[in-house]
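Below is one structure, written out as structure tokens; the observations come after it.
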Amino acid sequence: MALLPILRYPDPRLHVVAEPINVVNGEIRRLIRDMLETMYAAPGVGLAATQVGVHKRLIIIDVSEMHDDLKVLINPSIQERSGHATVEEGCLSVPGVFEKVARAERITVRALNVDGCTFDLEAEGLLAVCIQHEMDHLEGKVFVEYLSRLKQQRILARIRKQQRQAM
Ligand code: NI
């Protein structure tokens with residue numbers, strides 16, 4: 001296994017729309033193993049393949065405290081959504097930024113598992129929010145893009161300052 005570098009906003013590769021996965025083969029399963037090691041090490045509760053520069057429709061999520069409830073969703077699509085949830089979100093690609101985003105409270109998502117079999121997952125609360133956040137990454141969307149233009153400018157200014165200090 002290997003830790004993968006996580007792309008940082010505003011890296012333009014975070015805006016690439018991911019392609020469907022046709023076959024869940026050994027290459028994909030190795031990517032999944034590397035992604036989960038990367039997510040747990042970060043630590044984070046979710047990671048999209050887009051964030052490690054792989055433009056395939058794959059997300060992994062584990063919102064449990066004990067890191068024992070891993071969900072792997074390949075080619076996820078939302079079948080149903082209801083309610084409203086506004087939760088403070090963060091993202092491994094935008095470290096240090098936590099902002100509230102309006103999402104559906106409950107969703108039903110259909111995806112393939114690691115064996116390539118279709119399953120439906122009903123999710124609510126944090127898990128539902130996390131799935132929606134990670135699925136946005138597959139569309140090339142980062143959560144800060146839901147914020148006001150002013151907030152986005154402030155976030156970008158802070159990131160540029162951090163980058164200058166890091167040089
Ligand atoms: Ni994210």
Side-chain angles (χ1 to χ4, degrees), residues 1-21 28 31-65 67 69-78 81 84-107 109-112 114 121 123-160 162-163 166:
M1 295 203 288
L3 287 180
L4 304 169
I6 297 173
L7 302 181
R8 296 287 184 91
Y9 180 79
D11 190 309
R13 289 171 289 177
L14 289 169
H15 300 306
V16 176
V17 178
E19 298 284 339
I21 291 172
I28 295 296
L31 172 63
I32 291 168
R33 287 196 296 274
D34 289 345
M35 280 175 60
L36 55 104
E37 191 183 20
T38 303
M39 177 181 76
Y40 287 133
V45 295
L47 190 66
T50 305
Q51 291 176 275
V52 294
V54 178
H55 300 297
K56 295 187 165 145
R57 303 189 81 83
L58 161 64
I59 63 174
I60 61 167
I61 289 167
D62 189 345
V63 297
S64 72
E65 275 182 29
H67 291 179
D69 192 19
L70 178 70
K71 314 239 185 266
V72 175
L73 289 92
I74 298 164
N75 300 340
S77 65
I78 292 180
R81 62 180 85 220
H84 301 279
T86 304
V87 174
E88 194 165 81
E89 299 182 18
C91 180
L92 293 175
S93 294
V94 200
V97 174
F98 300 91
E99 295 283 351
K100 286 185 172 172
V101 176
R103 307 275 189 190
E105 184 183 17
R106 282 174 300 276
I107 57 169
V109 60
R110 181 165 294 168
L112 302 179
V114 287
L121 174 66
E124 60 177 20
L126 180 59
L127 178 60
V129 165
C130 198
I131 292 170
Q132 291 168 83
H133 175 119
E134 299 309 331
M135 284 182 67
D136 273 352
H137 279 300
L138 304 182
E139 301 304 328
K141 184 154 186 170
V142 180
F143 83 112
V144 294
E145 292 167 297
Y146 286 105
L147 305 176
S148 68
R149 184 175 284 264
L150 181 64
K151 273 192 175 172
Q152 290 186 52
Q153 285 169 348
R154 282 184 185 154
I155 289 165
L156 279 170
R158 204 163 93 199
I159 290 169
R160 293 206 180 97
Q162 285 166 350
Q163 286 171 342

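In each ligand, atom 1 is the first atom listed, and ligand 1 is the first ligand listed. Keep in mind that this is a model prediction, so the values were computed, not measured.
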Are the side chain of [X] and the backbone of [Y] linked by a donor-acceptor contact shorter than 3.5 Å?
{"X": "Q152", "Y": "L147", "result": "yes"}
{"X": "D69", "Y": "D62", "result": "no"}
{"X": "T50", "Y": "H137", "result": "yes"}
{"X": "D136", "Y": "K141", "result": "no"}
{"X": "N75", "Y": "I21", "result": "yes"}

Taking 2.8 Å as the distance threshold, tell me the number of protein N/O/S atoms next to the Ni ion (ligand 1).
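Count of protein N, O, S atoms less than 2.8 Å from the Ni ion (ligand 1): 3.
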For the residue pair H15 and Y9, categorise the inter-ring angle as parallel (less than 30°), tilted (30 to 60°) or perpendicular (more than 60°).
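Perpendicular, since the angle between the ring planes exceeds 60°.
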